[in-house]
S.K.: 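One structure coming up, written as structure tokens, with questions to follow.
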Amino acid sequence: MPELVEIEAYRRLADRVVGRTIAKVDAPDDWWIKDDNTARSLQRALKGVTVIGTRRIGKLLLLDTDGPTIGLRFGMTGRLVVDGMDGVDELIYSSRRKDPVWDRFGLRFESPKDGFLRVNDPRRLGGVILNPDESALGPDALTVTLGDFRLALDSTAPLKARLMDQAKLAGVGNLTADEALWRAGLDPRRVARSLDKDEQKRLHRHMVKTLKDLDTRGGSHTGDVIQHRVTGGRCPKDGAQMIRATVGGRTTWWCPQHQR
DNA sequence: ATTGTGGCCTGCCCGC
DNA sequence: TGCGGGCAGGCCACAA
């Protein structure tokens, strides 16, 4: 599913439309339009504005314009397509097909006439938000400092829940969390603030490295432990049987041998 | 305020 | 072969 690294790939792809002026908004799915906007109000707000840059905070993609900022969320099955090019090759948990009826939002431009930006989202868990509240998101997980990371972990909640709390730390999804905790050798059920200084530092280092590795490899599904998140799966580090349970409301897999 | 839970969405996979 | 139930998880509303 799209996590931070997929959204970062989408952002790089979206850079293609920087400098283009929006001619038309395609928003066929009211459900996909968040807050009080409608297809009509989006059209009115965005027609004629020029895209001047792209940003990403966690899993939120931002298209800055000389008018409103366009926020795009991709849920777990959203794909970005620009000028016919895909942002990512593979998206697990999504369909391999790209049925046009799953097109939820699109932009067309004054020039080039055949250029477009489009989101295809089978399960409709994503959405478009005009001028999204960026202050609702914590520091981005890829660039967070060790000091801010420590602040994000100051909680009685389970470690994994806190890693995935977008208000405290933006960008870590379920697969990334399992991978980073596995690499760092930490039990996802630990009380977040029970980590000592060395463990905090270790997790910070492994989380950032995990995100960079997954980005280089081409997706959040390419982690070392991800294919072992199955019944009967064994830890690739020490061969112990992986354990599955719900932690922080999410399916979680970990190795009981080395994750403590 | 913080933490936990359930529901939304729907394609896909499994078992009967 | 067709069908129904369960599953996936990012995000949000709501409860405690």
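Naming: A, B, ... by sequence-line order, numbering from 1 per chain. Values reported hereafter were calculated over all heavy atoms of this structure, with side chains retained and with hydrogens, waters and symmetry mates removed.
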S.K.: Quick check: closest heavy atoms across L142(A) and L4(A), and the distance to 0.1 Å?
M.R.: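 That would be N-CD1, 4.1 Å.
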S.K.: CG of L137(A) versus C1' of dC12(C): gap in Å, rounded?
M.R.: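 Nearest whole value for this atom pair: 13 Å.
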S.K.: For H206(A) and W182(A), what are the C-alpha separation, side-chain angles and deciding distance, and is it a ring pair (Phe, Tyr, Trp, His ring centres under 6.0 Å)?
M.R.: CA-CA 9 Å; H206(A) 279 292; W182(A) 176 81; 9.3 Å; no
S.K.: Whole angstrom is fine here: how far is it from CZ in F74(A) over to P in dC11(C)?
M.R.: 11 Å
S.K.: So which atom in Y10(A) and which in L80(A) form the shortest heavy-atom distance, rounded to 0.1 Å?
M.R.: O-CD2, 3.4 Å
S.K.: Find the distance E3(A):CD to dG10(C):C1' and express it as a whole number of Å.
M.R.: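 My rounded result for the distance is 9 Å.
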S.K.: Kindly calculate the angle separating the two end axes of the helix from dT2(B)-dA16(C) to dC16(B)-dG2(C), each obtained from five base pairs, and round it to 10 degrees.
M.R.: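 Comparing the axis at each end, I get an angle of 40°.
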S.K.: Is D15(A) salt-bridged to R11(A), cutoff N-O under 4.0 Å?
M.R.: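 Yes, this pair counts.
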S.K.: Give a yes or no on this: more than 12 heavy atoms of other residues, nucleotides or ligands lie within 6.0 Å of atom NZ of K237(A).
M.R.: yes
S.K.: I want to check one thing: is the phosphate of dA8(C), taken as OP1 and OP2, less than 4.0 Å away from some side-chain N or O of T251(A)?
M.R.: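 So the side-chain polar atoms of T251(A) do come within 4.0 Å of the phosphate oxygens OP1 or OP2 of dA8(C), strictly under.
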S.K.: In whole angstroms, how far is the P atom of dG10(C) from the CG atom of D178(A)?
M.R.: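 It is 10 Å, rounded to the nearest whole Å.
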S.K.: For the pair R79(A) and E6(A), find out whether any cationic side-chain nitrogen is under 4.0 Å from an anionic carboxylate oxygen.
M.R.: no
S.K.: Any salt bridge between K209(A) and D213(A), counting N to O under 4.0 Å?
M.R.: yes
S.K.: Between dG10(C), dG11(B), dC11(C), spot the one nearest the side chain of Q166(A), thanks.
M.R.: dC11(C)
S.K.: Which protein N or O atoms sit under 3.5 Å from an N or O of nucleotides 6-9 of chain B?
M.R.:
| from | atom 1 | to | atom 2 | distance (Å) |
| --- | --- | --- | --- | --- |
| dC9(B) | O3' | R124(A) | NH1 | 3.4 |

S.K.: What I want to find out is whether R118(A) reaches D103(A) closely enough, with some N-O distance under 4.0 Å, to be called a salt bridge.
M.R.: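 D103(A) and R118(A): salt-bridged.
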S.K.: So which protein N/O to nucleotides 3-5 of chain B N/O distances come out below 3.5 Å?
M.R.:
| from | atom 1 | to | atom 2 | distance (Å) |
| --- | --- | --- | --- | --- |
| dT3(B) | OP1 | S155(A) | OG | 2.6 |
| dT3(B) | OP1 | T156(A) | N | 3.1 |
| dT3(B) | OP1 | T156(A) | OG1 | 3.3 |
| dT3(B) | OP2 | S155(A) | OG | 3.4 |
| dT3(B) | OP2 | R162(A) | NH1 | 2.7 |

S.K.: Looking at F116(A), is R108(A) sitting on its ring face, NZ or CZ under 6.0 Å from the six-membered ring centre and within 45 degrees of the normal?
M.R.: no
S.K.: Does this structure show an ion pair linking R104(A) with D121(A), if we count only N-O contacts that are shorter than 4.0 Å?
M.R.: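 Salt bridge absent between R104(A) and D121(A).
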S.K.: In plain terms, say whether D224(A) and R217(A) are close enough for a salt bridge, that is, a side-chain N and a carboxylate O under 4.0 Å apart.
M.R.: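 Judged by the 4.0 Å cut-off on N to carboxylate O distance, D224(A) and R217(A) do form a salt bridge.
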S.K.: Write down the distance between CG (L175(A)) and C1' (dG10(C)), rounded to a whole number of angstrom.
M.R.: 12 Å
S.K.: M164(A) has an atom CE; how far is it from atom P of dT2(B), in whole Å?
M.R.: 19 Å
S.K.: Rounded to the nearest angstrom, tell me the gap between atom CG in D121(A) and atom P in dG11(B).
M.R.: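 After rounding, the reported distance stands at 11 Å.
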S.K.: How many whole angstroms separate atom CG of L61(A) from atom P of dC11(C)?
M.R.: 13 Å
